[in-house]
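We're numbering straight along the sequence, starting at 1.
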Amino acid sequence: MMNLQERDKAVNWHPYTQMKTAGEVIPIVNGKGIYLYDTSGKMYIDAVSSWWVTLHGHAHPYIARRVSEQLNTLEQVIFAGFTHEPAVQLSENLLKLLPANQDKAFYSDNGSTAVEVALKMSIQYSHNHGKGKKKILAFKNAYHGDTFGAMSVSGRSVWTRPFEEMLFEVVYIDPPHAGNLENIKSQVKSVADETVCFIYEPLVQGAAGMLMHHAEDLSALMAFCRQQDILLIQDEVFTGFGRTGTLFAADQLSEKPDIMCFSKGLTGGTMPMGITTCSAEIFNAFLSDDQYKTLFHGHSFTANPLACTAALASMELLLQDQTLMNIQEIIEKHLLFSQVLRKHPQVENVRQAGTILAWDFKTDGKTSYFNNIGKILYEEFINRGIIMRPLGNVMYLVPPYCITCEELYFVYQHISEVLDKLMMDM
Ligand SMILES: *Cc1c(COP(=O)(O)O)cnc(C)c1O
């Protein structure tokens with residue numbers, strides 16, 4: 001009899017994984033709260049919220065009950081020409097929480113498709129207005145997903161190399177800080193006439209290595225783009241639903257985006273779904289007796305009732321006082337632990353945005369050993385029953401909001417021990 005890993009190896013191809021050299025996958029049977037359990041009964045703390053999606057812990061009974069009820073009522077219906085209560089309710093509830101100009105919600109399946117829809121909305125907005133502007137601004141090292149459009153507006157790297165000449169051109173700008181704002185503005189100004197939109201991850205560039213910038217600087221850049229008639233696409237796929245300490249990163253910005261993208265925490269990490277919201281100004285540019293001004297985009301599972309219900313249930317949980325207090329608790333505990341981290345000789349660039357705590361493991365150019373540092377760290381924590389997934393030498397915590405102080409201290413303790421241990425190894 002083959003075990004689950006062997007059967008997996010025979011049939012599955014895993015994401016971002018060199019299948020020739022990949023280590024053993026961990027066969028997970030079930031989850032509860034912040035814990036995942038493997039076939040041998042070993043438990044793991046999910047300190048990265050399963051790729052930043054899980055908000056309220058695994059197999060949350062309330063979300064499970066709501067989705068199960070919905071599954072017995074209506075599991076799926078075509079969303080062209082039809083609608084249903086969960087989709088209407090979810091759009092109503094979500095739009096109420098967003099900047100006041102957000103007026104309509106467009107459904108898709110994941111973060112990348114939410115970005116694709118946003119790009120198509122803004123390019124066709126310009127087209128429908130008879131302008132046809134095509135240039136797009138994005139941050140250096142941006143990450144907006146892995147489909148072709150989303151990949152195009154992301155930074156170029158080894159990941160995108162085989163596709164390079166097939167990706168459309170993007171003008172990259174540095175993330176803003178007080179010292180470079182004027183430079184960025186003049187760069188933006190020089191291409192403003194042809195530029196349709198600026199897409200950005202607000203406050204935190206997640207996949208780039210949890211790079212952070214200040215709300216005031218981003219707000220200033222947004223205001224400048226608006227003045228130059230450049231649409232603002234705010235990709236809150238990662239930052240949405242409480243990650244940065246406010247419900248959305250938008251709550252910390254003084255300028256409103258035209259278009260917003262959501263996924264990851266949208267359903268509390270239970271079901272795949274993406275939403276792109278936009279202002280009435282964008283929506284109205286598609287209203288016409290001319291059929292060609294229609295947004296010709298959709299997916300088979302657009303506004304799937306099960307995913308909508310999971311999102312409704314997750315957002316109810318998110319808005320409970322207890323959850324909002326837990327989020328504040330995580331922020332305070334992270335703040336205290338970051339003071340410990342700052343004193344550690346193996347650590348630099350400690351940074352925090354709400355519940356996201358990140359730091360660099362200092363490598364001092366010791367490349368032969370430390371090239372592999374992400375993998376070494378990953379395995380060190382897995383052995384201790386903690387799932388951390390460093391981005392190169394960038395270590396970070398993105399815990400589910402239901403994590404307790406004791407559980408946080410447990411994770412912090414192991415982080416300190418691992419840092420000490422690897423420092424001794426050098
Ligand atoms: C993860 C991510 C995406 C892509 O979402 P997928 O669901 O993985 O396609 C897009 N934008 C940001 C900011 C992300 O972090």
Side-chain angles (χ1 to χ4, degrees), residues 98-99 101-102 105-106 108 110-127 131 133-157 159-160 163 167-176 184-185 187-189 191-192 194-208 211-213 215 217-240 244 248-250 253 255-264 274-279 281-282 285 295 297:
L98 299 181
N101 68 338
Q102 296 299 298
F106 192 101
S108 62
N110 57 69
S112 302
T113 55
V115 166
E116 299 288 343
V117 170
L119 294 172
K120 286 173 78 169
M121 273 181 184
S122 54
I123 292 164
Q124 194 177 343
Y125 165 90
S126 175
H127 176 88
K131 291 191 186 141
K133 294 197 284 187
K134 294 278 156 58
K135 272 204 163 67
I136 296 175
L137 296 173
F139 280 147
K140 278 184 192 144
N141 301 311
Y143 181 76
H144 297 288
D146 284 348
T147 53
F148 266 84
M151 202 169 30
S152 291
V153 294
S154 299
R156 301 289 178 265
S157 69
W159 297 12
T160 56
F163 318 104
L167 302 177
F168 54 75
E169 197 196 320
V170 170
V171 178
Y172 293 106
I173 57 178
D174 283 314
I184 298 174
K185 282 184 187 173
Q187 195 191 346
V188 171
K189 204 173 167 67
V191 291
E194 308 154 87
T195 299
V196 58
C197 62
F198 167 38
I199 182 166
Y200 53 92
E201 298 158 85
L203 307 184
V204 187
Q205 294 186 268
L211 304 179
M212 299 179 189
H213 50 263
D217 299 321
L218 179 59
S219 296
L221 178 55
M222 289 166 71
F224 185 76
C225 287
R226 155 116 329 123
Q227 202 188 312
Q228 300 293 316
D229 216 11
I230 295 169
L231 294 174
L232 300 168
I233 302 177
Q234 191 155 303
D235 178 353
E236 294 231 26
V237 168
F238 172 42
T239 52
T244 66
F248 299 94
L253 300 167
E255 201 65 34
K256 294 181 183 68
D258 300 281
I259 299 175
M260 300 179 77
C261 305
F262 306 95
S263 187
K264 291 203 163 102
I275 295 185
T276 310
T277 63
C278 70
S279 65
E281 156 99 28
I282 301 287
L295 180 63
H297 189 99

> What are the two closest heavy atoms between A208 and N141, and how far apart are they?
Replying inline: CB-O, 3.1 Å
> Would F198 and L221 satisfy side chain to side chain contact (heavy atoms under 4.5 Å, CB included), going step by step from the backbone distance to the final call?
Replying inline: CA-CA 10 Å; F198 167 38; L221 178 55; 3.9 Å; yes
> How close do F148 and E116 get, heavy atom to heavy atom, and via which atoms?
Replying inline: N-OE2, 3.8 Å
> Can you name the closest pair of heavy atoms from H213 and F139 and give their distance?
Replying inline: CE1-CE1, 3.7 Å
> More than 12 heavy atoms of other residues, nucleotides or ligands under 6.0 Å from NE2 of H297: is that the case?
Replying inline: yes
>> Check whether S112 reaches the backbone of G145 with its side chain - one donor and one acceptor, N or O, closer than 3.5 Å.
In response: no
> If every non-hydrogen atom of D258 is compared with every non-hydrogen atom of L232, which pair is closest and at what distance?
Replying inline: OD2-N, 2.7 Å
>> For a quick test of reading the model, state the closest non-hydrogen atom pair linking A138 to V153 and the distance between them.
In response: CB-O, 3.4 Å
>> Please enumerate all residues that pass salt bridge (charged side-chain N to carboxylate O under 4.0 Å, His left out) together with E281, with sequence neighbours excluded.
In response: none
>> Between E236 and T239, is the side-chain hydrogen bond (donor to acceptor under 3.5 Å, both in side chains) condition met? List the steps.
In response: CA-CA 5 Å; E236 294 231 26; T239 52; 3.0 Å; yes
> What pair of heavy atoms forms the shortest contact from Y172 to K140, and how long is it?
Replying inline: CB-CG, 3.8 Å
>> Among K135, K189, K131, exactly one meets salt bridge (Lys or Arg N to Asp or Glu O under 4.0 Å) together with E194. Which residue is that?
In response: K135
> Of all residues at least two apart in sequence or in a different chain, which pass the side chain to side chain contact (heavy atoms under 4.5 Å, CB included) check with P99?
Replying inline: N101, Q102, A250, K256, P257, M260
> Roughly how far, to the nearest 0.5 Å, is the CG atom of D235 from the OG1 atom of T276?
Replying inline: 9.5 Å
